[in-house]
Structures are given as C-alpha cells and as structure tokens.
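Inspection log for the structure reproduced underneath, given as structure tokens.
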Amino acid sequence: MMKRSAQPTINDVARIAGVSKKTVSRVINRSPLLNGDTRRRVEEVIANLGYVPNPQARALALRRNFLIALIHDNPNAQMVLNVQQGLLEVLRDTEFELIVHPVDRGSPTMLEKLGQFLERQRPYGVMILPPISENEHLAQLCEQIGCRYVRMGSAPFAEGPHMVASNDREAVRGAVGHLIAAGHRRIALVMGPHGFRSAFERQKGYEEAIEAAGLPLQRTLMVAGDYRFESGMRAAEQLLDLSPPPTAVFSSNDEMAAGVLHVARERGLNVPQDLSIIGFDDTPIAAHIWPPLTTVRWPIATMARAAALKLVGEPGDEEAEASLFVSTLVRRASVAPPGEG
C-alpha cells in the first residue's frame, strides 16, 4: 500500500519558491508591498503543491488569533460604522476577521473585563476608539498582554505607531471663521459630551475663532450636548429661547446639528435665512437633510484604514506610517449671511 504523502507546509512553499516564510505569509495575506514577479512565483508554487494555509495552526504558533478587535464606548453609531468600513477595506480578502467589542467606560470593572476579553480572544491587534482611547491604563494593558494596538483621537496623544489623529481644533476654528466671514456675530456652540477629547478640541476651536475675531465669548451661547439627535433638539430649544437668539450655530457633530435644524423648522425659522448651521463629521445625514448641511468632513474611514495597516501591514507602508489626518470644511446650503438666503 502506497504511503500517503504529507500535506505541504509553508516551509515547502518557501523552499521551492526560493523565498522566506515571511514572504510566503505576505503573499497569503495579500500584502501590497511585494513585487509582481515574487507574488506570481509564490502563488504558482502554492497552486502546484495544493498548499492550504491553516489559520488555526498559525494562530497556535503565534499564540494569537487572526482577529482585529474594535473596542469602543461611543454614542455616535455612524462613527462606529465608518470605522468598521475603513478597517474592513484593509482586512477584506485576508485571513483577518473583525470583531466589535463595546464597553462601558463608566464601569469600575471595565479594565478587568477588557483584560479577560483580550486574554480569552487573543486578538492579533486592537483598535481603540475615543473616548476610551485616551485611557492610559488600557494602553498599558495591551502592552502587558503583548497585543498590538492603535488609538484614535481628535488630537495626537501617543506615538505614531499607536496613533491615528485628526486636527479637530483647527478644523472647527476654520468652520466658525466661515460663519464670522459671512457676517455672523452671535454664534452658538452645541458642545459634545463631557470627558470626550473630541468635545474638548472642538470647543477650543470655537473659542479660539471667537476670540481671534474680537467677539465676546458668551457662555449662554455654549450649550451641552451628548452627540445624539435629541440633545441637539434640547440645545436648540435653549438657544432659540434667548433674547436675542443666535444667528448661527456650530454643532459638534451632524446628529446634533440635525436636531437643531429640526427645532428651527418647527419654530417656523428658515435655514439659512434666519439661522445658519454647521455640523461636524460629514455623515450621510448631512447631505440628506434639507437644506443640505455645511459640515466638517472628519476622515474617519481613512483613519481607520491607516489604523488597520498599522496593525496588519508591513513596515514601510506609507499609509501605515501616517498618523495625522486633516479634516476639511464641506460647504453646502445651510450657511448664509444673517437675514439673507
């Protein structure tokens, strides 16, 4: 009876193709950093040998599963979806899978439970969304376990390999400056939730723009929100009850801006003739409401893509090296000079 030949291994592929095991792994993971000839040679050997990668065996050898964990405690559902989109653009057609793990940052056992999750799942890497990305103890936990991690923020606060950040303060300063240039002098702010770095940076951008224009900083024009539509409505009710009311509102995200617009329309106000509104994020809601919302485009999906490449990409990848991403103003129909269309 003929002895059945053993299944080919990654060592066999590397030997016959004349490359290292790491190069074979890059081909399997569809790394963009290989030249075409090397890729074709390795793929041909894989096909001829009938080699099938065994992710379970590789995971056992690495003491890691081929999982990327997205960890968040964020009320902005659209933001989380945009991050998933960016991550999946990189992970699609690779051995890696995405798992989403929400947490409660207010829980005294958050770090303990996260430690148990990371020990149990053994992910290859994690991406941490704000505001928990700012928790240094969580970063230290990843270091102790030996898990790769990338933190997202509205300003840089960690080293490049562990950070993707945007320039929220500068972007909001420009957006509020756009309202000032249009002639507005009573400009309100709907703030984000307390404890979020994004809310802090956006508030600072608003304050800096007001002060740079020589306008008084009026705390009655600065109202708390929590990034949800309903909080935008509550803020609008409070602001539009003022005498005189603001002629323009900068909202720290699009959902709250939509809430402001909703209340303005309920009160019979025309936007932008009676009230100009600017949001932040450039989520689909900004383009779908009427009038379409002027907003700051936050490159969330691009940041998430870069984060994924930091976790699973190869050294030297230019996208993986990027850490700071610029937000830009998208001008639509919700801003006009005071009293004009």
Side-chain angles (χ1 to χ4, degrees), residues 9-11 14 20-33 53-74 80 83-84 86-92 94-105 107-153 156-165 197 303-317 319-323:
T9 68
I10 192 171
N11 291 322
S20 67
K21 288 195 295 182
K22 187 173 184 179
T23 297
V24 177
S25 180
R26 287 176 176 174
V27 171
I28 293 168
N29 290 324
R30 293 173 170 81
S31 168
L33 299 179
N54 185 333
Q56 288 78 20
R58 294 182 64 207
L60 184 62
L62 291 170
R63 297 188 68 245
R64 283 282 175 268
N65 289 312
F66 287 89
L67 300 173
I68 299 299
L70 173 59
I71 300 174
H72 75 91
D73 177 11
N74 197 300
V80 176
V83 169
Q84 289 180 223
L87 292 172
L88 290 172
E89 284 179 10
V90 174
L91 302 182
R92 192 172 290 117
T94 72
E95 291 178 292
F96 292 97
E97 297 290 344
L98 177 66
I99 55 174
V100 180
H101 187 72
V103 300
D104 176 8
R105 71 183 185 281
S107 169
T109 60
M110 183 194 78
L111 284 174
E112 179 186 350
K113 289 181 178 178
L114 263 177
Q116 293 170 355
F117 166 78
L118 294 174
E119 289 283 6
R120 184 172 64 251
Q121 297 296 335
R122 286 282 166 180
Y124 188 86
V126 299
M127 181 178 181
I128 314 169
L129 298 193
I132 59 168
S133 59
E134 297 151 27
N135 188 317
E136 292 297 332
H137 296 296
L138 177 50
Q140 292 167 10
L141 177 63
C142 292
E143 295 275 5
Q144 291 166 4
I145 293 176
C147 183
R148 302 180 184 199
Y149 65 94
V150 177
R151 306 157 78 179
M152 176 182 273
F157 52 79
E159 294 180 354
H162 299 296
M163 187 83 239
V164 288
R197 181 66 177 266
M303 293 166 69
R305 176 180 170 82
L309 288 169
K310 288 177 186 290
L311 293 171
V312 306
E314 298 295 339
D317 188 315
E319 278 192 274
E321 295 295 327
S323 295

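From a predicted model like this one, the values you see are computed outputs, not experimental measurements.
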Checklist entry - Phe96 and Leu67: which non-hydrogen atoms are nearest, and at how many Å? => result CD2-N, 4.3 Å
Item to check | Contacts of Glu143 that satisfy side-chain contact (heavy atoms from CB on, under 4.5 Å) - sequence neighbours left out | outcome: Tyr149, His162
Checklist outcome for this item: Output for pair (Gln144 CD, Leu118 CG), nearest 0.5 Å, gives 11.0 Å
Checklist outcome for this item: Sorted by chain and number, sequence neighbours left out, side-chain hydrogen bond (donor to acceptor under 3.5 Å, both in side chains) with Gln140 holds for none
Next on the checklist: Please determine whether side chain to side chain contact (heavy atoms under 4.5 Å, CB included) holds for the pair His101 and Leu114, giving the CA-CA distance in whole Å, both sets of side-chain angles, and the decisive distance to 0.1 Å.
Outcome noted: CA-CA 9 Å; His101 187 72; Leu114 263 177; 3.8 Å; yes
Checklist entry - Within a strict 4.5 Å, meaning less than it, do heavy atoms of the Pro156 and Ser323 side chains meet? => result no
Checklist entry - So how far is it from Leu111 CG to Ile132 CD1, rounded to the nearest 0.5 Å? => result 9.0 Å
Checklist entry - Counting N and O atoms only, with roles assigned by atom type, does the side chain of Glu95 sit under 3.5 Å from a partner on the main chain of Phe66, one being a donor and the other an acceptor? => result no
Checklist outcome for this item: Scanning both residues in full, the closest heavy-atom pair of Met152 with Phe157 reads O-CZ, 4.0 Å
Checklist entry - When rounded to the nearest 0.5 angstrom, what is the spacing between CD in Glu89 and CG in Leu309? => result 10.0 Å
Next on the checklist: Leu88: which residues meet the side-chain contact (heavy atoms from CB on, under 4.5 Å) condition with it, sequence neighbours left out?
Outcome noted: Arg92, Leu98
Item to check | Partner residues of Asp73 under the side-chain hydrogen bond (donor to acceptor under 3.5 Å, both in side chains) criterion, sequence neighbours left out | outcome: Arg105
Item to check | CZ on Phe117 to CD1 on Ile145, rounded to 0.5 Å | outcome: 10.5 Å
Checklist entry - Does Glu136 have any side-chain hydrogen bond (donor to acceptor under 3.5 Å, both in side chains) partners at least two apart in sequence or in another chain, and if so, which? => result Arg151
Checklist entry - Can you tell me if Ser133 uses its side chain to pair, donor with acceptor, with the backbone of Gly153 under 3.5 Å? => result no
Item to check | Set of residues satisfying side-chain contact (heavy atoms from CB on, under 4.5 Å) with respect to Leu311, sequence neighbours excluded | outcome: Ile68, Arg148, Val150
Checklist entry - Between NZ of Lys113 and CZ of Arg120, what distance do you get to the nearest 0.5 Å? => result 11.0 Å
Checklist entry - Side chains of His72 and Val100: does their closest heavy-atom pair fall under 4.5 Å? => result yes
Checklist entry - Under the side-chain hydrogen bond (donor to acceptor under 3.5 Å, both in side chains) test, which residues partner Glu159, sequence neighbours left out? => result none
Checklist outcome for this item: Closest heavy-atom pair, Gly86 versus Ala304, reported as atoms and distance to 0.1 Å, is CA-CB, 3.9 Å
Next on the checklist: Can you tell me which residue among Val83, Ile128, Ile99, Val126 is in a side-chain contact (heavy atoms from CB on, under 4.5 Å) with Leu70?
Outcome noted: Val83
